[in-house]
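Reviewing the structure listed below.
Computed from a predicted model, the values in this text were never measured in an experiment. Note: hydrogens, waters and symmetry copies are ignored here, and every other heavy atom, side chains too, is used. Residue indices begin at 1 and follow the sequence shown.
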Amino acid sequence: MAAPRIAVTGRIPDAGFELLHEAGDVVAWDSLDVPTVNEVHEMVAGAEAVLTLLTTKVDDAFLDAAGPQLKVVANVAVGYNNIDVAACARRGVVCTNTPGVLTEATADIAMALVLMSTRRLGEGERVIRSNTPWQWGMFYMLGSGIQGRRLGIVGMGDIGQALARRARAFGMTIAYSNRKPVAPSIETELGAEFMSMDELLTTSDVVSINCPYSPTTHHLISSRELGMMKSSAHLVNTARGPIVDEAALVEALRTGEIAGAGLDVFEAEPTVHPGLLECENAVLVPHLGSATVETRSAMARLAAHNAVNVLNGVEPPTPIPVPAI
Ligand code: DGY
């Protein structure tokens with residue numbers, strides 16, 4: 001029997017290739033630039049397994065281009081809003097993602113953004129780098145302390161919980177909203193209080209978005225929600241850009257409706273709303289949540305493991321739940 005064709009639609013760390021090369025004939029995109037849709041479609045034609053990055057759109061056109069022999073789409077990301085999972089399920093294509101291995105790295109970036117936003121570190125760095133004259137002063141560039149302040153976590157999955165652990169170590173108290181409360185043992189460990197989204201928004205000093213993106217979380221944070229937040233509060237988003245209505249956020253940052261924001265993700269990545277670029281009180285970093293050498297290798301390895309298991313007829317370690325179709 002011919003070895004299965006395995007396509008990889010973006011550059012991934014070498015760790016990902018070890019298993020893949022043993023399992024089939026690998027064709028991999030070998031540039032740091034994102035391939036065009038046509039280039040992706042050419043690459044996946046005839047593949048039985050495809051490893052995709054979050055910049056690869058997996059829709060009916062992709063599935064048509066791949067062909068009926070396609071068995072698995074293994075996303076090298078935990079978020080999978082780039083994949084039409086229902087369309088894959090209709091064609092019997094298994095989808096997988098990479099939860100777990102990027103939890104700590106992403107929680108680190110969320111905590112870093114909490115600190116950067118509340119302590120105005122982006123602004124401070126810009127002063128130095130632009131050679132703007134400055135002088136230590138009792139009232140110079142004051143931020144707000146986070147000890148004893150409430151962190152409201154929207155989405156208490158693995159990353160939300162890992163962020164809560166970090167924030168507790170910084171003396172913050174934890175509130176969260178989620179589809180349902182987490183296990184009582186986790187609530188106790190984190191000292192976390194479950195509450196409605198509205199209560200969380202009105203009472204938190206920092207609100208962190210840690211839920212997945214889906215049609216139900218599209219613009220979950222818009223003018224109404226920003227208007228409910230304290231004027232001293234900060235918003236942090238390390239999940240997916242379109243969960244926050246960026247135009248509404250720009251308005252809230254401009255008018256002082258909220259004090260600041262720390263964003264790792266954007267509505268139309270890699271484009272950033274021009275209004276955000278003008279807001280001194282916005283810390284903006286380019287989707288670095290999982291960007292450590294160790295984490296990216298672990299993600300690639302897990303995605304390869306998922307793909308190879310499906311090719312071998314074995315349950316993959318981290319399948320994406322199949323939606324009802
Ligand atoms: C993911 O895996 O979904 C992250 O956003 C990648 O950084």
Next item on the list: Measure the shortest side-chain to side-chain distance between Glu225 and Leu220 over non-hydrogen atoms and say whether it is less than 4.5 angstrom.
Entry: no

Margin query: Pair Arg90, Asp60 - check side chain to side chain contact (heavy atoms under 4.5 Å, CB included), show working.
Written below: CA-CA 10 Å; Arg90 279 194 294 273; Asp60 277 309; 4.2 Å; yes

Margin query: Is it the case that over 12 heavy atoms from other parts of the model lie below 6.0 angstrom from the NZ atom of Lys57?
Written below: no

Notebook entry, point to check: Can any side-chain N or O of Thr173 pair as donor or acceptor with the backbone N or O of Gly148 at less than 3.5 Å?
Noted result: no

Checklist line | Flag side-chain contact, heavy atom, 4.5 Å: Val26 against Val8 | finding: yes

Note to self: Keeping Arg5 on the side-chain end and Ala45 on the backbone end, is there a donor-acceptor pair under 3.5 Å?
What the structure shows: yes

Notebook entry, point to check: So, do Glu18 and Asp14 sit near enough that their side-chain heavy atoms are less than 4.5 Å apart?
Noted result: no

Checklist line | Same apolar cluster (I L V M F W Y, side chains within < 4.5 Å links), Tyr80/Phe62 | finding: yes

Notebook entry, point to check: Heavy atoms, side chains only, cut-off 4.5 Å: are Val94 and Glu315 in contact?
Noted result: no

Checklist line | Rounded distance [0.5 Å steps], CE in Met116 versus CG in Leu263 | finding: 11.5 Å

Note to self: Taking side-chain contact (heavy atoms from CB on, under 4.5 Å) as the criterion, tell me which of Thr52, Val73, Val50 meets it with Val44.
What the structure shows: Val50

Check: Short question: side chain of Ser232, backbone of Asp205 - any donor-acceptor pair under 3.5 Å?
Finding: no

Next item on the list: Please examine the side chains of Gln161 and Ile186, heavy atoms only from C-beta on, and report whether any two atoms are closer than 4.5 Å.
Entry: yes

Notebook entry, point to check: Of the non-hydrogen atoms in Cys279 and Leu253, which two are nearest, and what is the gap between them?
Noted result: SG-CB, 3.8 Å

Check: Between Thr106 (side chain) and Thr103 (backbone), is there a donor-acceptor pair under 3.5 Å?
Finding: no

Margin query: Starting from Leu163, can I reach Val206 by hopping between I/L/V/M/F/W/Y residues whose side chains sit under 4.5 Å apart?
Written below: yes

Next item on the list: Establish whether Ile6 and Val27 are linked, either directly or via other cluster members, by ILVMFWY side-chain heavy-atom contacts under 4.5 Å.
Entry: no

Margin query: Is there a continuous path of hydrophobic side-chain contacts, each under 4.5 Å between heavy atoms, that joins Val265 to Ile209?
Written below: no

Note to self: For the CD1 atom of Ile221 and the NE2 atom of His218, what is their distance to the nearest 0.5 Å?
What the structure shows: 12.5 Å

Check: Looking only at heavy atoms, what is the nearest atom pair of Thr96 and Pro319, with distance?
Finding: CG2-CA, 4.0 Å

Next item on the list: State plainly whether the residues Arg165 and Glu189 are in salt-bridge range, i.e. N to O under 4.0 Å.
Entry: yes

Notebook entry, point to check: What's the spacing between Lys71 NZ and Cys88 SG if we round to 0.5 Å?
Noted result: 15.0 Å

Check: Hey, is Arg240 close enough to Glu269 for a salt bridge, meaning N to O under 4.0 Å?
Finding: no

Checklist line | Atom of Pro317, atom of Leu302 and distance for their closest heavy-atom approach | finding: CG-CD1, 4.0 Å

Next item on the list: Could you check whether the rings of Phe194 and Tyr176 sit parallel, tilted or perpendicular, using 30° and 60° as the cut-offs?
Entry: tilted

Note to self: Checking Met141 against Val127 for the side chain to side chain contact (heavy atoms under 4.5 Å, CB included) test, could you report, in this order, the C-alpha distance in whole Å, the side-chain angles of both residues, the deciding distance, and whether it holds?
What the structure shows: CA-CA 10 Å; Met141 213 177 269; Val127 165; 3.6 Å; yes

Checklist line | Closest non-hydrogen atom pair between Ser204 and Leu200, with its separation | finding: OG-O, 2.8 Å

Note to self: How about CZ on Arg166, more than 12 heavy atoms from neighbouring residues, nucleotides or ligands closer than 6.0 Å, or not?
What the structure shows: yes

Item checked: Pairwise side-chain contact, Asp198 with Arg224, heavy-atom cut-off 4.5 Å (strictly under) -> yes

Check: Are Val272 and Val236 co-members of a hydrophobic cluster defined by side-chain heavy atoms under 4.5 Å apart?
Finding: no

Next item on the list: Find the distance between CG (Leu276) and CG (Asn281) and round it off to the nearest 0.5 Å.
Entry: 9.5 Å

Checklist line | Backbone of His219 reached by a side-chain donor or acceptor of Asp245 within 3.5 Å | finding: no

Next item on the list: Give the intermediate values and the outcome of side chain to side chain contact (heavy atoms under 4.5 Å, CB included) for residues Met156 and Leu190.
Entry: CA-CA 11 Å; Met156 199 56 139; Leu190 302 175; 3.8 Å; yes

Checklist line | Rounded distance (nearest 0.5 Å) linking atom CG of Leu63 with atom CG of Asp84 | finding: 7.5 Å

Next item on the list: Answer yes or no: is there a side-chain heavy-atom contact under 4.5 Å between Leu249 and Ile258?
Entry: yes

Check: Does some side-chain heavy atom of Thr203 sit less than 4.5 Å from a side-chain heavy atom of Met195?
Finding: yes

Next item on the list: Going by the side-chain contact (heavy atoms from CB on, under 4.5 Å) test, name the single residue among Ile159, Ile320, Val78 that passes it with Pro99.
Entry: Val78

Check: Between the side chain of Trp29 and the main-chain N/O of Asp33, is any donor-acceptor distance below 3.5 Å?
Finding: yes

Check: Do Glu42 side-chain atoms and Glu39 backbone N/O form a donor-acceptor pair below 3.5 Å?
Finding: no

Note to self: I'd like to know if the side chain of Asn82 and the backbone of Thr56 have a donor-acceptor N/O pair within less than 3.5 Å.
What the structure shows: yes

Next item on the list: Check side chain to side chain donor-acceptor pair (under 3.5 Å) between Ser177 and all other residues, then give those that pass, not counting sequence neighbours.
Entry: none

Check: Sub-3.5 Å donor-acceptor pair from the side chain of Glu48 to the main-chain atoms of Pro4, do we have one?
Finding: no

Check: Which atom names give the shortest non-hydrogen contact between Gly143 and Arg120, and what distance separates them?
Finding: CA-CD, 4.0 Å

Item checked: Asn210/Thr238 under side chain to side chain contact (heavy atoms under 4.5 Å, CB included): CA gap, chis, key distance, verdict -> CA-CA 7 Å; Asn210 296 100; Thr238 51; 3.4 Å; yes

Next item on the list: State, to 0.1 Å, how close Val310 and Pro316 come at their nearest heavy-atom pair, and which atoms those are.
Entry: CG2-CG, 3.8 Å

Next item on the list: Indicate whether the side chain of Arg11 and that of Ser31 have a donor and an acceptor atom separated by less than 3.5 Å.
Entry: no

Next item on the list: Enter the distance from Leu51:CG to Asn306:CG here, rounded to the nearest 0.5 Å.
Entry: 8.5 Å

Notebook entry, point to check: Do any N or O atoms from the side chain of Glu193 and from the backbone of Ala175 form a donor-acceptor pair under 3.5 angstrom?
Noted result: no

